[in-house]
Amino acid sequence: MKVAKPTLPKGTRDFLPEEMRKRQYIFNIIESHFKKFGFLPVETPAQENLSVLSGKYGEEGDQLMFRILNSGDFLKDISPDSLTGGYKNVLPYISEKALRYDLTVPFARMVVMHQHEINFPFKRYQIQPVWRADRPQKGRYREFYQCDADVIGSDSLLLEAELITLYYEIFSALNLKVNILLNNRKILTALSIYLGIPEQLTEFTIILDKLDKIGIAGVVEAWNAKGFPESVGEAFINLDIKSTSHLDFRNTINRFQVLFSDIPVGLEGLSELITVWELLPHFNRTLQQHVSLDFTLARGLNYYTGAILEVKSLDTEMGSIGGGGRYDNLTGLFGLPGISGMGISLGADRIYDVIEAAGKFPEYLISAVQVLLIYFDDQTLPATLKVLQELRNAGISAEIYPDQKKIGKQYEFAAKKNIPWVGLIGTSELSTQTLKVKYLPTGAEYSWDIPSFISEIKKAK
RNA sequence: GUGAUUGUAGCUCAGUUGGUUAGAGCGCCAGUUUGUGGCUCUGGAGGUCGCCGGUUCGAACCCGGUCUUUCACCCCA
């Protein structure tokens with residue numbers, strides 16, 4: 001057989017131990033916080049039936065989905081004629097499954113299928129990879145992990161506040177500075193009504209969302225290009241919308257309460273924002289400082305109906321590292337209407353990139369194994385193995401070099417693997433019942449018995 | 001999906017108007033040191049120049065295709 005050149009599909013990566021240690025550090029922090037907030041773990045399959053996923057993410061999403069070719073002779077029912085109509089006609093016949101595109105829709109599917117086994121309101125967390133056939137670029141991969149926490153079966157605004165708190169606590173634990181942007185879909189609806197273009201809500205918000213990127217002039221220009229009346233742009237400029245910090249939250253709300261006095265949905269959105277805002281200090285006294293009201297925040301996924309959240313890193317330039325919101329009818333897509341949910345998602349791979357760029361991974365991650373024991377010779381091997389067992393029983397991660405190689409090689413191995421302690425039992429140590437220990441970071445050497453060795457390691461930790 | 005961009009040793013990169021045997025630094029291996037990593041010194045291994053095709057007497061270099069990298073747009077974590 002011809003030797004295959006080792007390659008990887010576009011946009012996918014291997015993770016060596018050094019990277020995995022850092023990834024696990026992120027996952028562990030996220031997961032422990034999810035648990036602390038009362039969320040329970042679930043998993044769903046990597047594959048979903050196409051009928052479950054298609055149409056849930058808009059046309060764009062359908063295009064970015066990795067479809068799975070049917071097994072066996074997937075062409076047996078295809079007539080040559082049907083090929084002339086383009087790939088979209090043939091697709092339903094040759095593919096009926098796809099890789100999951102996010103975690104929220106499969107979760108909704110799961111809730112509906114297991115509704116009689118689930119105790120509502122149901123708080124679940126899920127940390128699994130998702131796949132998107134996007135072109136890779138900065139912070140964008142074709143296979144990446146999402147970490148989701150959702151509560152389904154309650155429309156309480158307490159959840160909005162609680163999930164914002166959860167976001168903040170996770171990023172604090174990761175030592176990252178973030179700005180949590182907050183908006184409400186109802187505000188966007190009200191804005192479109194106020195500007196007289198309620199029918200064009202979607203086009204309106206998609207462009208509005210780009211405000212921080214292309215500026216107000218760019219936004220107005222884009223609206224005009226879409227055929228919106230000039231008055232829309234003018235009226236919008238007069239609204240003077242900008243991302244507001246905690247200091248002027250109240251003023252902004254008050255101002256829009258006047259503007260939306262005849263638009264019930266707008267007043268409702270504002271009142272929800274106030275409620276959430278006022279709950280925040282009850283979870284964390286300083287939390288409001290990290291939350292910004294941003295009426296231009298739209299978010300693409302069209303199932304959001306209430307609150308919308310997005311997390312921006314302040315440490316490094318990066319797209320959003322988290323997003324979430326309230327959805328009132330996601331399970332309705334699968335025949336279980338009237339159940340409201342609220343969820344957040346964290347992009348672990350982007351968080352990794354931000355921490356890496358900011359140099360904020362903790363130092364201790366570099367050494368996973370604490371002790372290497374030297375394989376000196378067969379005469380001292382039993383004593384060395386005894387030490388190995390005692391170290392492990394004491395909860396210390398330890399290994400013995402498996403071959404009797406030159407001692408210098410064994411030390412070098414430890415150094416390369418960032419193992420700080422090297423222990424050696426040679427002939428003289430055997431007679432004195434001690435261990436020659438070298439601490440590689442300083443090069444210092446000691447003669448210790450096993451109990452002192454163990455206590456010194458624990459002390460250094 | 002649109003528009004750019006990258007590919008030469010394990011890594012980071014040189015490589016003249018197309019010319020014989022493609023280089024450097026770091027890393028790696030061996031020795032210096034058969035009870036000790038890092039420092040020094042000595043020696044050594046390692047390359048289908050991403051892949052396929054074309055032009056040419058001759059291609060790492062020019063042309064086409066393809067894969068890949070990175071980046072922007074679209075969209076998003």
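The shown structure was predicted, so the numbers you read here are calculated from the model rather than taken from an experiment. Note that these values count all heavy atoms, side chains included, but never hydrogens, waters or copies made by symmetry. Chain letters run A, B, ... following the sequence lines, proteins first, then strands; residues in each count from 1.
- Each of A/Lys138 and A/Phe144 was matched to the nucleotide of RNA chain B holding its nearest heavy atom; the match closer to the 5' end belongs to A/Lys138.
- Put simply, OH on A/Tyr303 is 10 Å from P on B/C76, counting in whole angstrom units.
- The six-membered or imidazole ring of A/Trp223 lies near that of A/Phe236, with a centre-to-centre distance under 6.0 Å.
- For the P atoms, the distance from B/G31 to B/A72 is 49 Å, rounded to whole Å.
- Among the protein residues, A/Asp349 comes within range of no part of the nucleic acid, since none of its heavy atoms lies under 4.0 Å from any strand.
- At a threshold of 4.0 angstrom between heavy atoms, the contacts of A/Phe413 with the nucleic acid are absent.
- For A/Ser340 and A/Asp328, the side-chain atoms include at least one donor-acceptor pair closer than 3.5 Å.
- In this structure, A/Gln146 reaches the sugar-phosphate backbone alone: every heavy-atom distance under 4.0 Å involves primed, P, OP1 or OP2 atoms, never a base.
- A/Glu19 and A/Lys22 are not joined by a salt bridge, as no carboxylate oxygen comes within less than 4.0 angstrom of a charged side-chain nitrogen.
- Nucleotides B/C62 and B/U16, compared at atom P, are 10 Å apart to the nearest Å.
- Taking the six-membered ring where the residue is Trp, A/His290 and A/Tyr168 present parallel rings, their angle staying beneath 30° rather than reaching 60°.
- Here A/Asp349 pairs with A/Arg13 in a salt bridge; the nearest charged N to carboxylate O distance falls below 4.0 Å.
- Side-chain contact of A/Gln137 with A/Arg135: a donor-acceptor pair under 3.5 Å is absent, judged by distance alone.
- Comparing the P positions of B/U12 and B/U70 gives a spacing of 12 Å, expressed to the nearest Å.
- The cationic group of A/Arg142 does not satisfy the cation-pi geometry with A/Phe66, failing either the under 6.0 Å distance to the six-membered ring centre or the 45° limit from the ring axis.
- Between A/Leu346 and A/Lys213, the residue whose closest nucleotide on RNA chain B is further toward the 5' end is A/Lys213.
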List the steps and the verdict of side-chain contact (heavy atoms from CB on, under 4.5 Å) for A/Asn329 and A/Tyr303.
CA-CA 8 Å; A/Asn329 199 27; A/Tyr303 45 66; over 6 Å; no
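- When the P atom of B/C76 is taken as reference, atom OH of A/Tyr145 falls 24 Å away, rounded to whole Å.
- Side-chain contact annotation: A/Asp148 with A/Ser345, donor-acceptor N/O pair under 3.5 Å present.
- Of the candidates A/Arg392, A/Gln370, A/Lys417, A/Glu399 forms a side-chain hydrogen bond (donor to acceptor under 3.5 Å, both in side chains) with just one, namely A/Lys417.
- Judged by the 6.0 Å and 45° rule, A/Arg23 forms a cation-pi pair with A/Phe15.
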Under 3.5 Å, which protein N or O atoms sit close to an N or O of nucleotides 40-50 of chain B? Give each pair with its distance.
from, atom 1, to, atom 2, distance (Å)
B/G50, O2', A/Lys5, NZ, 2.6

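- Taking the six-membered ring where tryptophan is involved, the planes of A/Trp421 and A/Tyr446 are tilted, since the angle between them lies from 30° to 60°.
- The CG-C1' distance, from A/Asp148 to B/A77, rounds to 10 Å in whole Å.
- Spacing between B/G43 and B/G25 at atom P, rounded to whole Å, works out to 13 Å.
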Would you mind building the protein contact string for nucleotides 4-9 of chain B? One character per nucleotide, 5' to 3', B for base within reach (heavy atoms under 4.0 Å), S for sugar-phosphate only, - for untouched.
------
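- Taking each heavy atom of A/Ile187 and A/Gly269 in turn, the nearest pair found is CD1-C, 3.9 Å.
- Distance A/Arg350 CZ to B/C76 P: 11 Å, rounded to the nearest Å.
- Applying the ring pair (Phe, Tyr, Trp, His ring centres under 6.0 Å) test to residues at least two apart or on different chains, the pairs with a partner in residues 396-417 of chain A are A/Tyr401-A/Phe413.
- Residues A/Lys36 and A/Glu169 are paired through a salt bridge, judged by an N-O separation under 4.0 Å between the basic side chain and the carboxylate.
- Rounded to a whole Å, the CD atom of A/Gln63 is 10 Å from the P atom of B/U2.
- Separation of the P atoms belonging to B/C13 and B/U17 is 23 Å when rounded to the nearest angstrom.
- Using a 4.0 Å heavy-atom criterion, one finds that A/Lys210 contacts the sugar-phosphate atoms exclusively.
- Residues from residues 6-24 of chain A that place a heavy atom under 4.0 Å from any atom of RNA chain B, listed by number: A/Lys10, A/Gly11.
- Using a 4.0 Å heavy-atom cutoff across all strands shown, A/Gly139 reaches at least one base atom of the nucleic acid.
- For A/Gln137, a side-chain nitrogen or oxygen approaches OP1 or OP2 of B/A72 to under 4.0 Å.
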side-chain contact (heavy atoms from CB on, under 4.5 Å) evaluation trace for A/Phe34 with A/Leu166
CA-CA 8 Å; A/Phe34 283 172; A/Leu166 178 52; 3.9 Å; yes
Secondary-structure notation, RNA chain B, from Watson-Crick and G-U pairs under 3.5 angstrom (| other strand)
((((..(..((((.....[...)))).((((.........)))).....(((((..]....))))))..))))....
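- Electrostatic pairing of A/Lys123 and A/Asp150 does not count as a salt bridge here, judged by no charged N lying under 4.0 Å from a carboxylate O.
- Between A/Glu310 and A/Lys312, at least one side-chain nitrogen of the basic residue sits less than 4.0 Å from a carboxylate oxygen of the acidic one, meeting the salt-bridge criterion.
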Which letter, B, S or -, goes with each nucleotide of nucleotides 29-38 of chain B from 5' to 3', with contact meaning a protein heavy atom under 4.0 Å?
SSS---BBBB
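- The CH2-C1' distance, from A/Trp131 to B/A77, rounds to 15 Å in whole Å.
- B/G47 and B/G10 have their C1' atoms separated by 12 Å, with the value rounded to a whole Å.
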